[in-house]
Amino acid sequence: MMLRALAAAVALIAASPSVAANATIPVIVGPILTYADLAELTLASPVIVRANVMKTERLSGENAPGLAADRARLLVHARVAAAILAPDAVPAELDYLLETPLDAKGKPPKLKDAAVLLFLRPGERPGQFALTSARAQLADAPDTVATVRSVLAEARTDLPRVTGITSAFRVPGSVPGEAESQFFVSTADARPISLVVLSRQGQERTLQLALGDVIDEAAAGVKPRTLLWYRLACFLPQTLPAKVGADDRAGLDDDYAFALAKIGRCERTK
């Protein structure tokens, strides 16, 4: 069984254009991933499963081309415990390649019986799978699984994908210190998103959000650790484009910086 799996894995390396071109084999994740990392990994993976490692085999020589001296390439055989995302049937057992750093004794980590969360893409042939990135094998932790499930649930609502800022304007209020700035966010499918910063005399500045043509004045901004937050925090430009808002650029820049601060930083571990 292991020899047949090894042959299939080696054949996949040779036959797969993506593997051959990129020469990239996944690496075990060290640090805990942020919400943005997990969202990115989840959205990029057509298949996500919880699994238990049954056995591993260390590859060498012609079966591990281009391998650095301080790393090992493993063929991992795992039993699927549950499918979180799978457009088609997932086999009860699957194999995948994993590249991992060696320990101080020059040994790869012991993975047998480990509970893992796998982010996968289909391989070249039916029943074959490959990890979608160098960090696509994670520990099967309840918090991580819950985050992945929440990202998938929000993705089904078809939230727009943010691509930038198209325009902005700022209108002074009737008394000094009052103003309203509105920033029009571009999206991949041209659906409107607007950010509105309101300044009122004697009140704290506020950020409102509209997913459409109508601004909800009761909106409470952007909730952290949501898919909408990820797409705004990670894909809005850090400064306004030069062509935006020439009439009151200083005020717009200040309000846009405030909006970004209220949304929060996009933190990634890579």
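Hydrogens, waters and symmetry mates are skipped; everything else that's a heavy atom, side chains included, is used.
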For residues 102-109, please give each side-chain donor-acceptor pair under 3.5 Å, one per line with the distance, not counting sequence neighbours.
residue: D103; atom: OD1; partner: K105; partner atom: N; Å: 2.9
residue: D103; atom: OD1; partner: G106; partner atom: N; Å: 3.0
residue: D103; atom: OD1; partner: K107; partner atom: N; Å: 2.8

Starting at [atom1] of [X], measure out to [atom2] of [Y] and round the result to the nearest 0.5 Å.
X    : Y    : atom1 : atom2 : answer
D37  : T144 : CG    : OG1   : 11.0 Å
L67  : R58  : CG    : CZ    : 8.0 Å
L232 : L227 : CG    : CG    : 9.5 Å
I48  : T42  : CD1   : OG1   : 4.5 Å
L97  : L131 : CG    : CG    : 8.0 Å
E40  : S133 : CD    : OG    : 8.0 Å

Could you report the tightest heavy-atom contact between [X] and [Y], atom names first, then the distance?
X    : Y    : answer
P91  : F129 : CD-CE1, 3.6 Å
S45  : F119 : OG-CB, 3.2 Å
A168 : V244 : CB-CG1, 3.4 Å
A83  : V49  : CA-CG1, 4.1 Å
T132 : P46  : CG2-CD, 4.4 Å
F235 : V162 : CB-O, 3.5 Å

Salt bridge (Lys or Arg N to Asp or Glu O under 4.0 Å) contacts in which one or both residues fall within [range], not counting sequence neighbours:
range            : value
residues 252-265 : R170-D255, R205-D254, R205-D255, R249-D253
residues 74-91   : R79-E93
residues 139-149 : R50-D140

Which pairs of donor and acceptor atoms, one on a side chain in residues 183-190, lie under 3.5 Å apart (sequence neighbours left out)?
residue: S186; atom: OG; partner: T163; partner atom: OG1; Å: 2.8
residue: S186; atom: OG; partner: G164; partner atom: N; Å: 2.9
residue: S186; atom: OG; partner: G164; partner atom: O; Å: 3.2
residue: T187; atom: OG1; partner: D189; partner atom: OD1; Å: 3.3
residue: T187; atom: OG1; partner: A190; partner atom: N; Å: 3.2
residue: T187; atom: OG1; partner: R191; partner atom: N; Å: 2.9
residue: T187; atom: OG1; partner: R191; partner atom: O; Å: 2.7
residue: D189; atom: OD1; partner: R191; partner atom: N; Å: 3.3
residue: D189; atom: OD1; partner: R191; partner atom: NE; Å: 3.3
residue: D189; atom: OD2; partner: R191; partner atom: NE; Å: 2.5
residue: D189; atom: OD2; partner: R191; partner atom: NH2; Å: 2.9

Walk me through whether Q137 and T100 qualify under side-chain contact (heavy atoms from CB on, under 4.5 Å). CA-CA 11 Å; Q137 174 185 280; T100 172; over 6 Å; no
Sub-4.5 Å side-chain heavy-atom contact between [X] and [Y]:
X    : Y    : result
I165 : Y256 : yes
L38  : L138 : yes
L236 : L195 : yes
C234 : R268 : yes
P87  : V47  : yes
V90  : L120 : no
L228 : L209 : yes
L211 : L159 : yes

Please evaluate residues R73 and N63 with respect to the criterion side-chain contact (heavy atoms from CB on, under 4.5 Å), reporting the C-alpha separation (whole Å), side-chain torsions for both, the decisive distance (0.1 Å), and the verdict. CA-CA 9 Å; R73 189 164 297 161; N63 295 325; over 6 Å; no
Any residue meeting side chain to side chain contact (heavy atoms under 4.5 Å, CB included) with Q203, in chain and number order, not counting sequence neighbours: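 Residues passing side chain to side chain contact (heavy atoms under 4.5 Å, CB included) with Q203: R200.
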Using side-chain contact (heavy atoms from CB on, under 4.5 Å), reason through V76 and V116 one step at a time and then give a plain yes or no. CA-CA 11 Å; V76 184; V116 292; over 6 Å; no
Start with the C-alpha gap between L111 and L98, add the side-chain angles, then the distance that decides, and say whether side-chain contact (heavy atoms from CB on, under 4.5 Å) holds. CA-CA 11 Å; L111 297 177; L98 183 73; 3.7 Å; yes
Applying a strict under-4.5 Å side-chain criterion to I, L, V, M, F, W and Y, I'd like to know whether L41 and V145 cluster together.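 Cluster IDs for L41 and V145 match.
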Checking the side chain of Y35 only, and the main-chain atoms of C266 only, is there a donor and an acceptor separated by less than 3.5 Å?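 The answer is no, because no donor-acceptor pair under 3.5 Å joins these two groups.
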